[in-house]
Structures are given as C-alpha cells and as structure tokens.
K.L.:
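Have a look at this one before I ask anything.
Model, not experiment: these values are computed from the prediction. So you know, we letter chains A, B, ... as the sequences are listed, proteins then strands, and number each from 1.
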Protein chains: 2
Amino acid sequence: MHGRCHKPRRSRRARRRGAVRMFLQPCLLTLLRRGPAHGYSLLSGLTDFGFEVERMDPSVVYRMLREMESQGLVVSSWDADSLGPQRRVYRLTAAGEETLRDWIADLRRTRAEIDALLQAYEQTTTN
Amino acid sequence: MHGRCHKPRRSRRARRRGAVRMFLQPCLLTLLRRGPAHGYSLLSGLTDFGFEVERMDPSVVYRMLREMESQGLVVSSWDADSLGPQRRVYRLTAAGEETLRDWIADLRRTRAEIDALLQAYEQTTTN
DNA sequence: TTGTCTATTGATAAATTGTCAATAGACAAA
DNA sequence: TTTGTCTATTGACAATTTATCAATAGACAA
C-alpha cells in the first residue's frame with residue numbers, strides 16, 4: 001500500500017485532566033541533566049515521568065526543545081558521528097539549570113496544592 | 001473621578017508555571033460538596049487551595065461555573081431571599097460528584113508524576 | 001527501487017487561560 | 001435624590017498552550 005505505516009489513529013480522546021501545565025519542559029530539562037541527548041532518545045526517556053510515549057506525537061517534543069533553545073535553556077549541535085539522518089544533540093546550559101531549579105520549586109508548591117485539595121476532599125466525604 | 005475603582009493593574013506577569021490544568025474545576029466541585037453556594041463565596045473559598053484570590057479575575061470563576069452547569073455537573077437557581085443583586089446559587093449534582101471522583105483519581109496520578117520528577121531531580125544532583 | 005525506520009520540521013486547529021469592559025441592584029453619604 | 005461604592009454577574013476577545021496532521025530526508029534492508 002502507501003508508504004505510510006498507518007498509525008493507530010490517535011483518535012480525538014478527551015484530554016487528560018489533572019496534568020501539570022508545561023510539565024514536558026522540566027522533564028526534558030531533568031533528562032538533559034544526565035547528559036546531552038537528541039530528541040528521539042529524550043522522547044523515550046519520558047516514560048519515566050508517566051508520559052504515554054506511544055501515544056505522543058514526537059513533534060510536541062521537538063517543538064518544546066526548539067523553544068527551549070530559543071530561550072537559551074539548551075544549545076544544540078549536529079551530531080558528527082551518527083549513523084542515519086543527522087540529528088540534533090541538545091545540551092543543558094547554565095540558564096537551563098537555573099530554570100529547572102525554579103521549576104522544582106514550583107512543582108513542590110503545586111504538589112502542596114494538590115495535597116490541600118485531596119485532603120479537603122477526604123475531609124468532606126459525605127457519602 | 002470616574003465610577004471605577006481603578007484596580008491594581010494586574011500587570012502582564014509571566015504565567016505561573018507548575019499549575020495543574022483546569023485545577024479550578026475540582027476546587028469548585030469540592031467547595032460545593034460542603035453545600036450550595038454562589039459565585040462570590042466560592043471565589044473566596046479558593047484561598048484554601050492556594051489561589052491568590054485578590055489577583056484573580058472573578059469572571060474566570062463564573063465562566064467555569066457556567067460551563068460546569070452546561071455539562072450538568074452543577075445546577076443553579078436564583079437565590080430568593082438575598083439582599084443586594086440577585087445571585088445564582090449553585091448546587092452539586094450526582095454527575096458532579098462523579099466527575100469529582102474522577103478528578104481525585106487524576107490528581108493522585110498527577111501527584112505521583114510530580115514525585116517521580118522531584119526524585120529524578122534529586123538523584124541527579126550533580127552540583 | 002521500494003519500503004521501512006529513525007529523526008526532524010512546519011502549519012494549523014482546538015482547548016484553555018487571561019484581561020478588559022459593561023451591567024445591575026442595594027445601600028450609604030452628600 | 002443623585003452620586004458613588006460594593007457585591008454579583010455576564011460577554012467578548014486576545015494570548016497562550018496543546019494536539020494533530022502532513023511532509024521531508026538519510027540510511028539501510030529486501
């Protein structure tokens with residue numbers, strides 16, 4: 001048939017509730033903290049943080065990486081000795097480290113807010 | 001001067017990171033679980049969950065309430081014996097209770113994901 | 001020489017959130 | 001009694017974030 005492996009047709013499913021906004025960014029920053037990496041390997045690494053990578057569109061990750069680069073949080077270069085197509089290798093910058101620190105603080109706060117709600121819920125369990 | 005109390009000019013500040021998407025909805029549902037209430041009182045109740053109510057635009061809350069009503073999660077009626085302007089009193093429906101249960105499950109999952117990231121961060125503390 | 005896999009880019013639609021402006025009843029002060 | 005202020009609500013629209021689809025391209029295997 002056509003030269004397309006027809007994907008499982010990620011059918012318009014309801015967006016997940018309760019997810020953290022822009023959560024992708026701190027996840028990528030954390031992964032890059034372990035060392036330089038390119039988009040595709042970062043994509044797989046996201047499973048660690050609860051992403052369902054199979055259902056994710058890779059363009060989401062690439063877009064975020066390029067945006068992060070435009071903000072100076074990462075820098076990219078072409079991997080010299082790679083087989084296959086050229087791939088961009090991303091590396092964390094000092095600014096990226098700092099932004100990640102801010103993110104961590106925000107996430108602790110967010111966690112506390114979620115806890116507040118969960119506790120409020122449990123306390124008013126009327127049924 | 002004009003009949004407007006000039007607000008502190010909620011100046012275009014960077015949107016907070018690390019907030020949960022649509023967090024407002026489960027907060028309102030939880031507040032309504034304690035009993036019927038109208039928009040303005042719900043607005044104040046949000047402080048419990050980390051919202052900075054002074055900086056919030058009330059229209060955000062009203063919009064959410066109306067959307068929740070259109071989804072059948074709450075029903076509203078006009079408060080008969082209210083002083084001042086008429087106000088809509090919202091009451092939680094069975095569907096609302098159920099949606100809140102789903103939210104709680106989602107939020108527990110979200111919290112687990114945040115924890116995973118925080119742990120990953122702490123484990124790779126290279127500096 | 002066609003197809004498949006990895007890797008990346010771009011455009012656009014849809015959903016969510018933020019901001020501003022307007023209306024309206026009650027009440028207090030001038 | 002008219003002006004202003006407070007509570008309460010609605011509507012419109014801009015900005016941001018997220019999802020989806022379509023396309024390109026090198027390497028390699030059949």
K.L.:
Under 3.5 Å, which donor-acceptor pairs link side chains of residues 112-119 of chain B to any protein atom two or more places apart or in another chain?
P.N.:
from     : atom 1 : to       : atom 2 : distance (Å)
B/Glu113 : OE2    : A/Arg16  : NH1    : 3.3
B/Asp115 : OD1    : A/Arg111 : NH1    : 2.5
B/Asp115 : OD2    : A/Arg111 : NH1    : 2.6

K.L.:
Mind checking if B/Arg21 touches a base, just sugar-phosphate, or nothing, with heavy atoms under 4.0 Å?
P.N.:
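Here B/Arg21 touches the backbone only, sparing every base.
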K.L.:
Consider the side chain of A/Met22, meaning its heavy atoms from C-beta on, and name the nucleotide among D/dT9, C/dG18, D/dT18 that approaches it most closely.
P.N.:
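The listed nucleotide nearest to A/Met22's side chain is D/dT18.
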K.L.:
Taking the side chain of B/Ser59 as heavy atoms from C-beta outward, which of C/dT9, C/dT19, D/dT7 is closest to it?
P.N.:
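Given the options C/dT9, C/dT19, D/dT7, the side chain of B/Ser59 is closest to C/dT19.
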K.L.:
Whole Å only: how far is the CZ atom of A/Phe23 from the C1' atom of C/dT16?
P.N.:
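Interatomic distance, CZ of A/Phe23 to C1' of C/dT16: 19 Å.
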K.L.:
Return the nearest nucleotide to the side chain of A/Val60; candidates are D/dA12, D/dT20, C/dT8.
P.N.:
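The nucleotide sitting nearest to the side chain is D/dT20.
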K.L.:
In whole angstrom, what separates B/Asp57's CG from D/dT9's P?
P.N.:
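Taking atom P of D/dT9 as the reference, CG of B/Asp57 is at 14 Å.
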K.L.:
Between the two ends of the helix from C/dT1-D/dA30 to C/dA30-D/dT1, what is the bend in degrees, rounded to 10 degrees, where each end axis spans five pairs?
P.N.:
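Terminal axis comparison yields 10°.
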K.L.:
Is A/Arg109 salt-bridged to B/Glu52, going by a charged N under 4.0 Å from an acidic O?
P.N.:
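Salt bridge: no.
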K.L.:
Which pair of heavy atoms, one from A/Glu69 and one from A/Ser76, lies closest together, and at what distance?
P.N.:
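Nearest heavy atoms, A/Glu69 then A/Ser76: OE2-N, 2.8 Å.
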K.L.:
Please confirm whether any donor atom in the side chain of B/Arg55 sits under 3.5 Å from an acceptor in the base of C/dG18, or the reverse.
P.N.:
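Side chain to base: no pair below 3.5 Å.
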K.L.:
Applying a strict under-4.5 Å side-chain criterion to I, L, V, M, F, W and Y, I'd like to know whether B/Val74 and B/Val89 cluster together.
P.N.:
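Each belongs to a different hydrophobic cluster.
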K.L.:
For A/Leu43 and C/dT9, what is the distance between atoms CG and P respectively, to the nearest whole Å?
P.N.:
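Atom-to-atom, A/Leu43 to C/dT9, this comes out as 14 Å.
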K.L.:
Nearest to the side chain of B/Arg88, which nucleotide is it out of D/dT9, D/dA12, D/dT17?
P.N.:
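Nearest to the side-chain atoms of B/Arg88, counting from C-beta on, is D/dT9.
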K.L.:
If the condition is salt bridge (charged side-chain N to carboxylate O under 4.0 Å, His left out), which residues does A/Arg34 pass it with, not counting sequence neighbours?
P.N.:
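Salt bridge (charged side-chain N to carboxylate O under 4.0 Å, His left out) list for A/Arg34, sorted by chain: A/Asp48.
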K.L.:
Are A/Arg66 and C/dG10 close enough that a side-chain N or O sits under 4.0 Å from OP1 or OP2?
P.N.:
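Yes, such a contact exists.
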K.L.:
Give a yes/no answer on whether the side chain of A/Tyr62 brings an N or O atom under 4.0 Å of OP1 or OP2 in C/dT9.
P.N.:
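No, no such contact exists.
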K.L.:
Given that B/Ser41 and A/Val20 both sit by DNA chain D, which one's nearest nucleotide is further toward the 5' end?
P.N.:
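The residue closer to the strand's 5' end, by nearest nucleotide, is B/Ser41.
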K.L.:
Separation of B/Arg16 atom CZ from D/dT17 atom P, in whole Å?
P.N.:
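It works out to 14 Å between those atoms.
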K.L.:
Specify the separation, in whole Å, of atom CD of B/Gln25 and atom C1' of C/dA15.
P.N.:
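So the CD-C1' distance, B/Gln25 to C/dA15, works out to 14 Å.
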K.L.:
Just how far is it from atom CG of B/Asp106 to atom CZ of B/Arg101, taken to the nearest 0.5 Å?
P.N.:
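So the gap between those two atoms works out to 13.5 Å.
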K.L.:
At less than 4.0 Å, is any side-chain N or O atom of A/His38 found next to OP1 or OP2 of C/dA7? Yes or no.
P.N.:
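Answer is yes, contact under 4.0 Å.
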K.L.:
Round to a whole Å and report the spacing from CZ of A/Arg17 to C1' of D/dT18.
P.N.:
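One finds 17 Å between C1' of D/dT18 and CZ of A/Arg17, rounded.
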K.L.:
I'd like to check B/Tyr62 versus B/Arg88 (side-chain heavy atoms, cut-off strictly below 4.5 Å). Are they in contact?
P.N.:
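They are not in contact (no side-chain heavy atoms under 4.5 Å apart), so the answer is no.
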K.L.:
Whole angstroms only, please: what is the OH-P distance between B/Tyr40 and D/dC6?
P.N.:
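Rounded to whole Å, this separation is 10 Å.
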K.L.:
Tell me: CD of B/Glu54 to C1' of D/dT7, nearest whole Å?
P.N.:
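It is 17 Å, rounded to the nearest whole Å.
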K.L.:
Hydrophobic clusters here meaning ILVMFWY residues chained together by side-chain heavy-atom distances under 4.5 Å, can you tell me if A/Val75 and A/Leu92 are in one?
P.N.:
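Different clusters.
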